[in-house]
Amino acid sequence: MTKEKPFHEMVADKLLAQLEAGTAMFQKLNPDQPIIAFIKPFNPHTNREYNGNNALWLAMQQYNDPRWLTMRQANIIEAKVPKGSKATLISFMKEVDGVSTPQKAWVFNAQQLSNMPSLAESLERLQEHKAALAQQKEADIEAAPQVLVAGEEVGYNNTTYKIVDVLKRGQVKIEDLATGEKTKISVEDGLYKSLLQAKYQPNLSLGQQNAQGQEDHVAVGPDQDNTQDQSQRTGLRR
C-alpha cells in the first residue's frame, strides 16, 4: 500500500509542476475573468478565507470561482453537488484531547455545484463579515484594561522607555533607553498616562501627546518610594 504524501508536499509538488509548465496562477490569468485570479479562496458558508497551504492549494486548482465548501455546507445552503463530482482535499489542525492534530476535509468548488448564489452576493457577505470582525476587534481592544507590561518598550516624546518591572502599590520601574536612567512612576503620574497613550494610540502626533499629558512627570530613584506630596514633584529630567 502506497503511503500518502504529507499535504505540504502535495502542495509543493503541484506548484513546482505548474511553474515548470507555465500554468501557475502567477503566470497565467484567465483573460475573461482577470479579477477572479486575485480573490483569495474562501468559504461562502462560514464567510471565512482559507489560509496558508489550503489557500495556495485551492487557488492552484485553477477554477475561476474562489468559493469552496464541503458537501454538508453545500446541502445547508441548498446547493447541489452533481453525482460524480470530485472533491479537493484540504488539511487543518484540530485540538483533540489537548493535542493539535492534523485533520482532513474534502471541499467542492462553486463551479462544480448548481443552485449557488451569485459570486457578487457571496463577496458582499464576505466583506460584511470582515467589517464586523474588525469592529469587534476594535471594541475588544477598547474594552480591555490598558496597562504597561514588564519587558515592553514604548516610544514617547522622542524617547524610548523600557518597562523594567511592575511593582506593588500601582508603581512601575522604567528605563530611559537613551540615558540608561531608571525611575519608578505611579499609575497616577502623568508620564504613566502618557506612556499608556503612546502605546495604545501610537498614531497621535507628538503635539497631541504633549497636550494630553500635561501633568507633572514624577522622577524618583530606583530605591525611593513614590510617596512625595504633589508640591514636591519634579519633572522627569530629559
Side-chain angles (χ1 to χ4, degrees), residues 1-137 140-141 151:
M1 179 174 161
T2 305
K3 185 178 179 181
E4 186 178 78
K5 279 187 177 182
F7 183 67
H8 66 277
E9 290 187 16
M10 294 171 57
V11 175
D13 289 347
K14 187 174 184 70
L15 179 58
L16 287 173
Q18 289 185 351
L19 287 170
E20 289 175 357
T23 59
M25 55 183 171
F26 316 111
Q27 300 167 303
K28 183 179 179 181
L29 301 180
N30 185 329
D32 298 322
Q33 294 176 298
I35 296 177
I36 300 301
F38 296 98
I39 299 177
K40 191 176 181 180
F42 70 96
N43 188 308
H45 176 65
T46 62
N47 290 313
R48 292 184 179 275
E49 294 174 325
Y50 292 95
N51 295 306
N53 280 336
N54 285 327
L56 182 59
W57 177 248
L58 295 177
M60 286 193 298
Q61 305 308 313
Q62 298 191 329
Y63 284 98
N64 291 329
D65 196 304
R67 295 172 294 174
W68 295 83
L69 63 172
T70 65
M71 179 176 286
R72 177 177 173 276
Q73 292 169 337
N75 291 334
I76 291 174
I77 65 173
E78 299 183 349
K80 306 300 180 184
V81 181
K83 188 175 181 179
S85 298
K86 184 179 179 181
T88 300
L89 173 70
I90 60 173
S91 178
F92 58 96
M93 302 300 290
K94 182 177 180 181
E95 191 168 295
V96 178
D97 296 328
V99 179
S100 292
T101 307
Q103 305 286 316
K104 296 178 182 178
W106 298 89
V107 293
F108 295 89
N109 184 266
Q111 279 185 246
Q112 298 175 275
L113 311 178
S114 60
N115 200 37
M116 281 286 293
S118 70
L119 176 57
E121 291 177 46
S122 296
L123 286 172
E124 184 177 356
R125 287 197 297 271
L126 175 65
Q127 295 307 317
E128 289 174 351
H129 182 71
K130 283 184 174 181
L133 289 178
Q135 290 176 357
Q136 184 59 53
K137 184 176 180 180
D140 291 343
I141 291 174

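Just the heavy atoms: all of them, side chains too, but no hydrogens, waters or symmetry mates, feed the values below.
Proximity of R72 to I76: side-chain heavy atoms (C-beta onward) are separated by under 4.5 Å at one or more points. L89 places a side-chain heavy atom less than 4.5 Å from the side chain of M10. Taking the side chain as every heavy atom from C-beta outward, Y63 and Q112 approach each other to under 4.5 Å. Side chains of N53 and S91 form no contact here, defined as non-hydrogen atoms less than 4.5 Å apart. Inter-residue side-chain proximity for F42 and R67 is flagged as met; some heavy-atom pair is nearer than 4.5 Å. Taking the side chain as every heavy atom from C-beta outward, S118 and E124 never approach each other to under 4.5 Å. Side chains of V107 and N43 form no contact here, defined as non-hydrogen atoms less than 4.5 Å apart. Here the side chains of P102 and M93 are in contact, with some heavy-atom distance below 4.5 Å.
Of the N and O atoms on the side chains of N109 and Q61, not one donor lies less than 3.5 Å from an acceptor on the other residue.
Of all heavy-atom pairs spanning F108 and K86, the tightest one is CE2-C, 3.9 Å. What you find for K80 and P82 is that their closest heavy atoms are O-CD, 3.3 Å. Taking each heavy atom of W57 and K14 in turn, the nearest pair found is CZ3-CD, 3.5 Å. P41 and A55 get closest at one heavy-atom pair: CG-O, 3.5 Å.
Of the inter-residue distances, the one linking E49 atom CD with L58 atom CG reads 12.0 Å to the nearest 0.5 angstrom. Interatomic distance, CD of E128 versus CG of N47, reported as 8.5 Å (0.5 Å rounding). We find the CG-OG distance between D65 and S122 to be 7.5 Å, quoted to the nearest 0.5 Å.
Between the side chain of E78 and the backbone N or O of N115 there is no donor-acceptor pair closer than 3.5 Å. Between the side chain of Y50 and the backbone N or O of W68, at least one donor-acceptor pair lies under 3.5 Å. Between the side chain of Q73 and the backbone N or O of T70 there is at least one donor-acceptor pair closer than 3.5 Å.
When each of K130, Q136, K137, H129 is paired with L133, the side-chain contact (heavy atoms from CB on, under 4.5 Å) condition holds for H129 and for no other.
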